[in-house]
Amino acid sequence: MIEALLEHNKAWAAERVRNDPDYFKRLSGLQAPQYLWIGCSDSRVPANVITGLEPGEVFVHRNVANLLHPGDLNGLSVLQFAVEVLKVSYIIVCGHYGCGGVAAAVDGQRHGLIDHWLRPIQDVYERFEPDLAALPDAQARLARLCELNVEQTVGRVAQTPVVQDAWRSGRSLAIHGWVYGLDDGVIRDLGCTVSGDSGRPAGPTPA
């Protein structure tokens, strides 16, 4: 079965060259994406595919439940490279409805090491618990928690020294919060965009 992936790759590469003989020459010559994508590792949410972008057009970082921890050297290194070297103009934090990581964070069960990783989602749940409790059912609460997780992650990205320094230098850099619907393939803008001149934190405040 694994050999089939190599065969699929060969067929894909051959098709690209047939349609555009210089495709790989251009792609290997320069990486200049305008977008940094911070998304979930879920295999059903591939950044290039759902946004209609080609390889080379989006710089991607993915992890369980699209988080950014203050001590995550991997995620912070990706962020720094994207902002300071690639000079991206847009950072997109994209979660998705039905996220297993978000569900695991609040199901009351122990899952091992990942419990530490998901702790920020538990904090968001506790902070917004009165608002979530007012929703009609568990599915609605989980969907709203997926949105809140994105909004809070946008805020954490905005507070990083890398982004703050970019704004102080006058860079045009905006952070957007989106959520993707697995059931319809549509991305929703959560309206929590933060830019250097916005002067406000991302996300709502609890009631």
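Bear in mind that the values here come from a model prediction, so they are computed numbers and not experimental data.
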State yes or no: do [X] and [Y] share one hydrophobic cluster built from I, L, V, M, F, W and Y residues joined by side-chain heavy-atom distances below 4.5 Å, directly or via other members?
{"X": "Val163", "Y": "Ile38", "answer": "yes"}
{"X": "Val102", "Y": "Leu182", "answer": "no"}
{"X": "Val179", "Y": "Val58", "answer": "no"}
{"X": "Val45", "Y": "Leu67", "answer": "no"}
{"X": "Trp37", "Y": "Val154", "answer": "no"}

Does Arg119 come within less than 4.0 Å of Asp123, counting only side-chain N to carboxylate O?
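Yes, Arg119 and Asp123 are salt-bridged.
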Heavy-atom closest contact ([X] atom, [Y] atom, distance):
{"X": "Cys40", "Y": "Cys99", "result": "SG-SG, 4.1 Å"}
{"X": "Leu118", "Y": "Ala65", "result": "CD2-CB, 4.1 Å"}
{"X": "Thr193", "Y": "Ala174", "result": "CG2-CB, 4.3 Å"}
{"X": "Gln109", "Y": "Asp115", "result": "O-OD1, 4.2 Å"}
{"X": "Pro55", "Y": "Leu27", "result": "O-CD1, 3.0 Å"}
{"X": "His96", "Y": "Cys146", "result": "O-SG, 3.5 Å"}

Which is it for Arg144 and Glu151 under the salt bridge (Lys or Arg N to Asp or Glu O under 4.0 Å) test, yes or no, and what are the steps along the way?
CA-CA 11 Å; Arg144 181 58 183 144; Glu151 292 169 357; 3.6 Å; yes
Any side-chain heavy-atom pair of [X] and [Y] under 4.5 Å:
{"X": "Val17", "Y": "Phe24", "value": "yes"}
{"X": "Val60", "Y": "Val78", "value": "no"}
{"X": "Ile2", "Y": "Leu5", "value": "yes"}
{"X": "Arg127", "Y": "Leu148", "value": "no"}
{"X": "Asp183", "Y": "Tyr97", "value": "no"}
{"X": "Ile92", "Y": "Thr51", "value": "no"}
{"X": "Asn149", "Y": "Asn66", "value": "yes"}

From [atom1] ([X]) to [atom2] ([Y]), nearest 0.5 Å:
{"X": "Glu126", "Y": "Ile121", "atom1": "CD", "atom2": "CD1", "value": "12.5 Å"}
{"X": "Tyr23", "Y": "Ser28", "atom1": "OH", "atom2": "OG", "value": "11.0 Å"}
{"X": "Ser195", "Y": "Ile91", "atom1": "OG", "atom2": "CD1", "value": "11.5 Å"}
{"X": "Leu173", "Y": "Asp165", "atom1": "CG", "atom2": "CG", "value": "11.5 Å"}
{"X": "Leu145", "Y": "Asp131", "atom1": "CG", "atom2": "CG", "value": "11.5 Å"}
{"X": "His69", "Y": "His116", "atom1": "NE2", "atom2": "NE2", "value": "6.0 Å"}

Using only atom types and a distance under 3.5 Å, with no angle test, would you say the side chain of [X] pairs donor to acceptor with the backbone of [Y]?
{"X": "His61", "Y": "Leu36", "answer": "no"}
{"X": "Arg171", "Y": "Val88", "answer": "yes"}
{"X": "Gln164", "Y": "Ala158", "answer": "yes"}

Do you see a donor-acceptor pair shorter than 3.5 Å between the side chains of Gln159 and Arg156?
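Gln159 vs Arg156: no donor-acceptor pair found between side chains.
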Can you name the one residue among Leu86, Val85, Leu79 that meets side chain to side chain contact (heavy atoms under 4.5 Å, CB included) with Val83?
Leu79
Heavy atoms of other groups near Phe59 CZ, more than 12 under 6.0 Å:
yes
Is the OH atom of Tyr90 crowded by more than 12 outside heavy atoms at less than 6.0 Å?
no
Step by step, work out the side-chain contact (heavy atoms from CB on, under 4.5 Å) result for Leu76 and Val162.
CA-CA 8 Å; Leu76 293 173; Val162 169; over 6 Å; no
